[in-house]
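What follows is a set of notes on a single structure, which appears directly below.
All values reported here derive from a predicted model rather than from experimental measurement. Lettering of chains follows the sequences in order, A, B, ..., and the numbering in each one begins at 1.
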2 protein chains.
Amino acid sequence: MTEPRRRPGPKRALTEEAVLDAALTLLDTDGPGAASIRRIAAVLGVSPNSVYTYLPDKSAIEQALVERLLGDLNRAAPGGDDWRTDLEALALDLRRRLTAHPGAVPLLLGGAMNGPEALLLGERLLDLLARAGLSAAEAARGAYLIMVYVLGAIALEVADVPRAGALAPEEDRIAARRAAMSQVPAAMFPRTAAAVDVTATWIGTDQYLWGLHRVLDGLPTHA
Amino acid sequence: MTEPRRRPGPKRALTEEAVLDAALTLLDTDGPGAASIRRIAAVLGVSPNSVYTYLPDKSAIEQALVERLLGDLNRAAPGGDDWRTDLEALALDLRRRLTAHPGAVPLLLGGAMNGPEALLLGERLLDLLARAGLSAAEAARGAYLIMVYVLGAIALEVADVPRAGALAPEEDRIAARRAAMSQVPAAMFPRTAAAVDVTATWIGTDQYLWGLHRVLDGLPTHA
DNA sequence: AGCGAATGCTGTACGGTGTGCGGAGATAAG
DNA sequence: CTTATCTCCGCACACCGTACAGCATTCGCT
């Protein structure tokens, strides 16, 4: 065991984890972009530059935030016996965790998917698809496809929610979407207008699972 | 025909289109976030506030930019006789146009998919799927699924390109990706490490088309 | 032609952002 | 105690979006 090797200087007032907590809270309450270094510092009652003691710059904060969310996901592995059940549970869990923090979703699509937790998630996907009987090459393609679908679906879902996505209950979101969609001129977009009543209701868990099933059905599973 | 109804005041020095041209050029040369109002104005040789004459605020610029890109896509409709060929051509065309402007891709995922051109694109998708024999409800779900896949794939593709995506040729991007991926510790992520050689090469048109085929194969087409 | 009203562009200004630099104080090692 | 090191802070810079007021231009109308 490496001795902690105490270093000189005053005691630290914060921890990296506290910084990330504050950042995530700000993202949840005030939406994406609210996790500015100055606001984080203000919440923690500290000077803006003190934050740089714990994380080198803003992109490091975003990366660490993504790693924390993915780490929580990875640490709650289901580990059943059916690969498809496990995969669906994993996908649903990721969606639940990300829609709980809509402000953090843009970070995932912004290129912060390089950390070890992201790699571990990819590894788990590859493992699940190997259990499904796919070859290594098929599993690699399939894992990437699933990642694309899952992240794309979540991103589109949180993007059309104008504000405070975590707070609005499902029915209100449906009503708001139906109101917005019923503005489409039926003369120009007949099929879109005709599908409004259908469309407005199923965006959410229903459509997420339906799409996931279509993707999984399309995989060349041999088992 | 409504008479143009000439208004008082000095002649306009710019056009909305010129503003959008400058914004897109900045996005292409200096990456996402480079299309700031001040930089746009500087390129056009005009005061920052003059930009507000043509577009009400920054989000309007982003929305109009997305509408332009989607409008170009919609105006280049293939219109063949096989729905699946047309759909693949449309998906490939969208990817080609967006990867040519990687800095603009985050705008699509940022909620700027509400304009008429976006609606028209959705309508075209619904039409293609209706030609495929899908019911209205199936077509609605399928169109959304395809949109999720296409946008997700493009977003992930341009996200991992660190910089100047449009300029780097395919081989350089592959080499850079292989170098980055070969850093993953094989002890922790055996499957990921084993798949590096495969993975590094196919991200691009290959994997994009493979995933699209899997998605389309999964659709409940009856024709 | 003259005039009033509407319009485009500009300069100034405010509050926000990330972050580099230097200093003051606290702490541990020698 | 001295000295090296570290934490936190205040200041400063360069940007950002944009609100406001002023000035010059150009129209429609008389």
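- Panel note: side chain A:Y208, backbone A:V150; no donor-acceptor pair is recorded below 3.5 Å.
- Side chains of B:N49 and B:S47: a donor-acceptor N/O pair is absent below 3.5 angstrom, by distance only.
- Going from atom CD1 of A:I61 over to atom C1' of C:dT19 covers 12 Å, rounded to whole Å.
- Listed in residue order, the members of residues 11-23 of chain B having a heavy atom less than 4.0 Å from DNA chain D are B:K11.
- Contact of the B:V148 side chain with the A:Q207 side chain is not registered, since no non-hydrogen atoms from C-beta on lie closer than 4.5 Å.
- Between the side chain of A:R38 and the base of C:dG16 there is no donor-acceptor pair of N/O atoms closer than 3.5 Å.
- Note: CG (B:L26) to P (D:dC15) measures 14 Å, nearest angstrom.
- Of the residues in residues 48-57 of chain A, those placing a heavy atom less than 4.0 Å from an atom of DNA chain D are A:N49, A:S50, A:T53, A:Y54, in numerical order.
- Distance from the side chain of A:S36 is smallest to C:dT17 among C:dT17, C:dT10, D:dC9.
- Side-chain contact between B:D30 and B:R39: present, with at least one pair of heavy atoms (C-beta onward) separated by less than 4.5 Å.
- Side-chain N or O atoms of B:E123 include one that pairs as donor or acceptor with a backbone N or O of A:R191 at under 3.5 Å.
- A:K58 places its NZ atom 13 Å from the C1' atom of D:dC16, with the value rounded to the nearest Å.
- Nearer to the 5' terminus of DNA chain D, by closest-nucleotide assignment, is the contact made by A:G9 (compared with the other of A:G9 and B:A35).
- Distance alone, capped at 3.5 Å, places no donor-acceptor pair between the A:Y54 side chain and the A:V19 backbone.
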